[in-house]
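Below is one structure, written out as structure tokens, with a few remarks after it.
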Amino acid sequence: MRTIRSRFLKQLFPLLGAGLVAVTAARKAPAQPASPTKPNILFIFTDDHAWQALSAYGHKVQGRALNQTPNLDRIAREGMRFDRCLTPNPLCGPSRATILTGKHSHLNGFFNNTNNTFDGNQVTFPKLLQANGYQTGIIGKWHLVSDPTGFDHWEILPGQGLYYNPPMIRNGERVRQQGYVSEIITERSLDWLKKRDANKPFMLMLQHKAPHREWSPSLKVLGRYGETKFPEPPTLFDDYAGRGKAAATQDMTLEKTFTPLDAKLTTPPSLNAEQRKVWDAYYGPRNEAFRKANPQGKDLVRWRYQRYMHDYLSTVASVDDGVGEVLDYLKESGLDKNTVVVYASDQGFFLGEHGWFDKRWIYEEATRTPFLVRWPGVTKPGSVSKELVSNLDFAQTFLEMAGVPAPAEMQGRSVVPLLKGKAPADWRKSLYFHYYEYPGPHSVRRHYGVITDRYKLAHFYEPDMEYWELFDRREDPREMKSLYDDPKYRKVREELSTELVRLRQQYRVTANDPEGSLIPARRPAPAP
């Protein structure tokens with residue numbers, strides 16, 4: 001009996017605490033009656049989806065598009081495509097925490113994936129929407145360790161989640177699903193939409209695991225790209241000569257870091273016997289051909305790149321298929337007329353550029369995320385914004401869409417004016433960046449910096465590897481050579497240095513990062 005009572009109290013206290021926080025949040029933003037004119041908000045979110053692998057962005061490698069994403073392209077075609085949406089801390093969990101809170105990592109307390117737990121007592125945009133008449137739900141990848149708060153319904157993958165037959169946690173109860181994770185998340189989201197309270201506006205966070213490592217495709221789409229040979233990025237064999245030591249000492253290359261599980265030379269353990277037959281029928285002959293060929297050196301890197309692209313893009317294809325199902329349902333049910341559809345990913349991803357996969361850097365492939373918004377009757381179809389925006393802005397954007405005031409502690413800025421086609425004259429010209437997770441997976445050194453439409457200034461600040469980098473994206477779009485010591489960029493460097501100091505003050509960046517390492521908050525040395 002004591003055990004049961006103890007278990008009950010453990011479950012009750014977090015709920016009471018979440019309720020008190022919601023009440024407090026509601027006091028900050030006075031509750032408003034539910035109105036049919038309030039838009040529904042559908043936030044579709046993926047993990048590690050490179051903008052290069054979304055055809056609406058028109059990215060080409062050696063003159064060829066990598067893939068086609070017709071359903072995601074529908075959102076862009078019927079709404080707005082943001083061409084410069086950047087993530088201030090390009091890592092899965094920190095990005096999610098920033099989206100929920102509208103605050104930088106050093107203030108929301110979730111700055112890396114290795115030893116953080118999200119503080120669910122914070123004010124978040126779902127709590128504020130919930131307190132103002134919205135029915136809220138989250139289905140799919142959560143990756144913040146603590147249980148979700150501010151949601152009427154939550155159904156999440158524990159941790160990173162599995163691609164095949166994933167366990168899920170539904171409102172605190174562990175359940176086992178059979179099938180492929182992207183298809184399950186789509187199915188569960190559609191089920192929630194069909195059973196929701198039709199008298200309330202809704203906000204649903206539909207969050208996919210894909211295309212996160214190890215990029216395991218749905219068995220339904222195996223072979224979708226046939227024997228396609230994908231064009232290699234020009235920097236596939238980068239020697240990192242033009243940048244500081246951190247670029248050369250990372251651990252995220254196709255050459256050295258790609259594992260047998262990444263390469264599908266090892267079978268995922270969560271497949272059942274029937275699924276394994278399909279898997280073996282596809283990968284078996286191809287793996288045997290690889291072993292017989294026994295490629296070495298650059299030929300091995302090229303083989304890994306092709307395997308990586310086939311698998312990665314196949315996981316994206318399943319996401320795109322699921323997005324199509326959801327968009328079709330919204331149209332068939334008439335919900336499309338009053339539903340804002342937003343698509344984004346937690347950050348960018350390297351698709352072989354610089355010989356890498358993964359993210360984490362201030363470099364463009366890592367920090368730039370796809371961001372598409374369809375808002376019927378408000379946003380002009382087929383419009384494009386080139387303004388600097390960030391996932392730091394999402395919370396305030398959703399709140400303004402719903403007519404709910406944002407608390408002063410949020411640090412972003414609503415992009416609603418941009419969605420209405422009216423860029424404010426005082427829209428930001430720079431963004432603050434800060435990556436913290438070292439030591440940790442892939443060994444990317446800590447660094448912070450400032451990003452503008454053209455330039456990037458980065459400070460790698462650890463005592464054993466401290467230096468600065470400066471890039472001019474107009475002259476060097478692949479960011480191959482730091483211009484930090486170039487006398488011609490002295491003025492640019494001074495201006496960026498001043499702006500970096502200002503941003504750190506604006507966002508209340510502490511002199512020590514959250515793990516205690518000193519951040520030398522000083523300007524660069526005088527330019528030569």
Applying ring pair (Phe, Tyr, Trp, His ring centres under 6.0 Å), can you list everything that pairs with Tyr455, at least two apart in sequence or on another chain? none

Contacts of type side chain to side chain contact (heavy atoms under 4.5 Å, CB included), residue Tyr282, not counting sequence neighbours: Leu222, Arg286

Ring pair (Phe, Tyr, Trp, His ring centres under 6.0 Å) involving Tyr363 - partner list, sequence neighbours excluded: Trp361, Phe471

Taking only Lys NZ, Arg NE, NH1 and NH2, and the carboxylate oxygens of Asp or Glu, determine whether Lys456 and Glu364 approach each other closer than 4.0 Å. yes

Once salt bridge (charged side-chain N to carboxylate O under 4.0 Å, His left out) is applied, do any residues pair with Arg77, and if so which ones, sequence neighbours excluded? none

Mind checking what makes ring pair (Phe, Tyr, Trp, His ring centres under 6.0 Å) contact with Phe230, not counting sequence neighbours? Tyr225, His310

Table please: side-chain donor-acceptor pairs of residues 321-332 below 3.5 Å, with sequence neighbours left out.
from   : atom 1 : to     : atom 2 : distance (Å)
Asp321 : OD2    : Arg224 : NH2    : 2.9
Asp328 : OD1    : Arg74  : NH1    : 3.3
Asp328 : OD1    : Arg74  : NH2    : 3.4

I want to know whether His212 and Tyr163 have ring centres closer than 6.0 Å. no

By side-chain hydrogen bond (donor to acceptor under 3.5 Å, both in side chains), Glu353 pairs with (sequence neighbours left out) Gln52

Pairs in or reaching into residues 306-317: which pass salt bridge (Lys or Arg N to Asp or Glu O under 4.0 Å), with residues at least two apart or in two chains? Lys264-Asp311

Pairs satisfying salt bridge (Lys or Arg N to Asp or Glu O under 4.0 Å), at least one member in residues 43-59, at least two apart: Asp47-Arg96, Asp47-Lys141, Asp48-Lys359

If you look only at pairs with a residue in residues 243-270, which of them pass as a ring pair (Phe, Tyr, Trp, His ring centres under 6.0 Å), with sequence neighbours excluded? Trp215-Phe258

Distance-only check: which donor-acceptor pairs under 3.5 Å involve side-chain atoms of residues 292-300, not counting sequence neighbours?
from   : atom 1 : to     : atom 2 : distance (Å)
Asn294 : OD1    : Gln296 : NE2    : 2.9
Gln296 : NE2    : Asn294 : O      : 3.4

The ring pair (Phe, Tyr, Trp, His ring centres under 6.0 Å) partners of Phe125 (sequence neighbours excluded) come to Phe398

Ring-ring centroid check Trp51 Phe82, cutoff 6.0 Å: no

